[in-house]
**Student:** 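Pasting a structure here, questions to come.
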Amino acid sequence: MILIKTAADLSSLLASQRASGARIGFVPTMGALHPGHLKLVGHSKKNSDATVVSIFVNPTQFNDPNDYTRYPITLEKDIYLLEQAGCDILFLPAIEEIYPEGTSLEEPYALGYLENLLEGKYRPGHFQGVCQVVHRLLELVQPSLLFMGQKDYQQCMVVQQLIRLKQLPVALRIIPTLRETSGLALSSRNLRLSGKDKEAATAIYRSLQMIRNELRPGNLEPLITRAVAEIRAAGFEQIDYVSIASAQDLSEVAEWDGHSPLVALVAAFISGVRLIDNLPLTETGSPVG
Ligand code: AMP
């Protein structure tokens, strides 16, 4: 694995790889890697000639400064895991390499309603920051394939919108969420949970499954109420949302016709750690197309 720290070195190395016809796969991350990230790397390896992983904790996507300063960093272990996983190039930039002109955004990305609901509503500015960093990274790496996790369902939709808006020549591949056997979705933020909290946090996936199992056409409000109660009873101190939404545009669905594709999404805090998860409720629930 080649470790690269500057944008200039990355561009020249990848230009030569591209010139020799290599199809580049890209997995952007914020580090503190776990098997979910490595699953994305595995998919990239299978579908590309060269796999690039970036580790960059992007300050512009954190609306909460405490969340940024407390974001877990496990760099030595990450490098080891990526070597084992067969990653070809690890891009590990300093902030100046990503934002040479500073972090302020010249013109906001036209994300429309996506910015105002769910994660967008509870984390103002988050998706602008996501677009800012992903756009910059895509321009540097110029991959054919971009691998992202369905765990961040709305983020996948936002990045697909970014690709459309900027007409970037890359295909987004979305990889299903990897979970612990308990059902808890793997997340870097789980490192900040005690064993007891991790056990309690399985309530999120259980309530998502409950929603999927109990789903019937008609009014969905009772399912939301029940899920909220279950998550609160497990010890979550704050629930930002439990939503049953259109799998295509994330608009809230209050009455289900029994046909339209749905996804259930949750964001909640346990011991000060904000966890998100989601579960498609129908066969055709996917964030893009
Ligand atoms: P992060 O480092 O949290 O920004 O995540 C980097 C990428 O890994 C994103 O595309 C995430 O959606 C994806 N990812 C995070 N957790 C999981 C998981 N449990 N299963 C699959 N992909 C994941």
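Index from 1, following the sequence. One-based numbering, in listed order, for ligands and for the atoms of each. Any value given below was found using the heavy atoms of this structure, including those in side chains, with hydrogens, waters and symmetry copies removed.
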**Student:** Between S182 (side chain) and T202 (backbone), is there a donor-acceptor pair under 3.5 Å?
**Tutor:** no

**Student:** For ligand 1, indicate whether the residue P176 contacts it via side chain, backbone, both or neither (heavy-atom separation under 4.0 Å).
**Tutor:** backbone

**Student:** Could you check whether R206 and Q209, counting side-chain N and O atoms only, form a donor-acceptor pair closer than 3.5 Å?
**Tutor:** no

**Student:** Check this for me: does any side-chain nitrogen of one of K166 and E139 sit under 4.0 Å from a carboxylate oxygen of the other?
**Tutor:** no

**Student:** Between ligand 1 and L186, is the shortest N or O to N or O distance under 3.5 Å?
**Tutor:** yes

**Student:** Using distance alone, with no hydrogens and no angle criterion, decide if E230 and S207 have a side-chain donor and acceptor under 3.5 Å apart.
**Tutor:** no

**Student:** Examine ligand 1 and decide if any of its atoms is less than 4.0 Å from a heavy atom belonging to A32.
**Tutor:** no

**Student:** Apply the side chain to side chain contact (heavy atoms under 4.5 Å, CB included) test between F26 and each candidate in S44, S54, S48; give the one that qualifies.
**Tutor:** S54

**Student:** I want to confirm something. Looking only at heavy atoms, which of V134, L178, L38, I174 is nearest to atom 18 (C) of ligand 1?
**Tutor:** L178

**Student:** Verify side chain to side chain donor-acceptor pair (under 3.5 Å) between N58 and Y71, making sure each step is shown before the conclusion.
**Tutor:** CA-CA 10 Å; N58 173 37; Y71 200 82; over 6 Å; no

**Student:** Can you tell me which portion of C156 lies within the under-4.0 Å heavy-atom range of ligand 1? Options are side chain, backbone, both, or neither.
**Tutor:** neither

**Student:** Are side-chain heavy atoms of D49 and Q17 found at a separation under 4.5 Å?
**Tutor:** no

**Student:** Measure from atom 12 (O) of ligand 1 to every heavy atom in I276, V133, D152 and give the option owning the shortest one.
**Tutor:** D152

**Student:** Would you mind telling me which of E119, E252, K121 makes a side chain to side chain donor-acceptor pair (under 3.5 Å) with Y241?
**Tutor:** E119

**Student:** Quick check on Q150 - does any of its heavy atoms sit under 4.0 Å from an atom of ligand 1?
**Tutor:** no

**Student:** To the nearest 0.1 Å, how far is atom 3 (O) of ligand 1 from its closest protein heavy atom, and which atom is that?
**Tutor:** Y71 OH, 3.8 Å

**Student:** Atom 22 (N) of ligand 1: which of V27, L40, I175 has the nearest heavy atom?
**Tutor:** L40

**Student:** Can any side-chain N or O of K5 pair as donor or acceptor with the backbone N or O of E97 at less than 3.5 Å?
**Tutor:** no

**Student:** Who's the nearest protein heavy-atom neighbour of atom 9 (C) of ligand 1, and how far?
**Tutor:** G149 N, 3.9 Å

**Student:** Can you tell me the protein heavy atom closest to atom 17 (C) of ligand 1 and the distance?
**Tutor:** H34 CE1, 3.7 Å

**Student:** Find out whether F56 and R136 are in side-chain contact, i.e. whether some heavy atom of one side chain is under 4.5 Å from a heavy atom of the other.
**Tutor:** no

**Student:** For T29, counting its heavy atoms only, list the atoms of ligand 1 lying under 4.0 Å from any of them.
**Tutor:** 2 (O), 6 (C)

**Student:** Checking side chain to side chain donor-acceptor pair (under 3.5 Å) against R123, which of D240, D64, N63 comes through?
**Tutor:** N63

**Student:** Does ligand 1 have an atom that lies less than 4.0 angstrom from a heavy atom of H37?
**Tutor:** yes

**Student:** If the cut-off is 4.0 Å to any non-hydrogen atom of P28, which atoms of ligand 1 fall inside it?
**Tutor:** 6 (C), 7 (C)

**Student:** Quick check: G31 and ligand 1, any N/O pair under 3.5 Å apart?
**Tutor:** no

**Student:** Show the atoms of ligand 1 that are less than 4.0 angstrom away from any heavy atom in M148.
**Tutor:** 10 (O)

**Student:** Would you call P35 a ligand 1 contact, heavy-atom distance under 4.0 Å?
**Tutor:** no

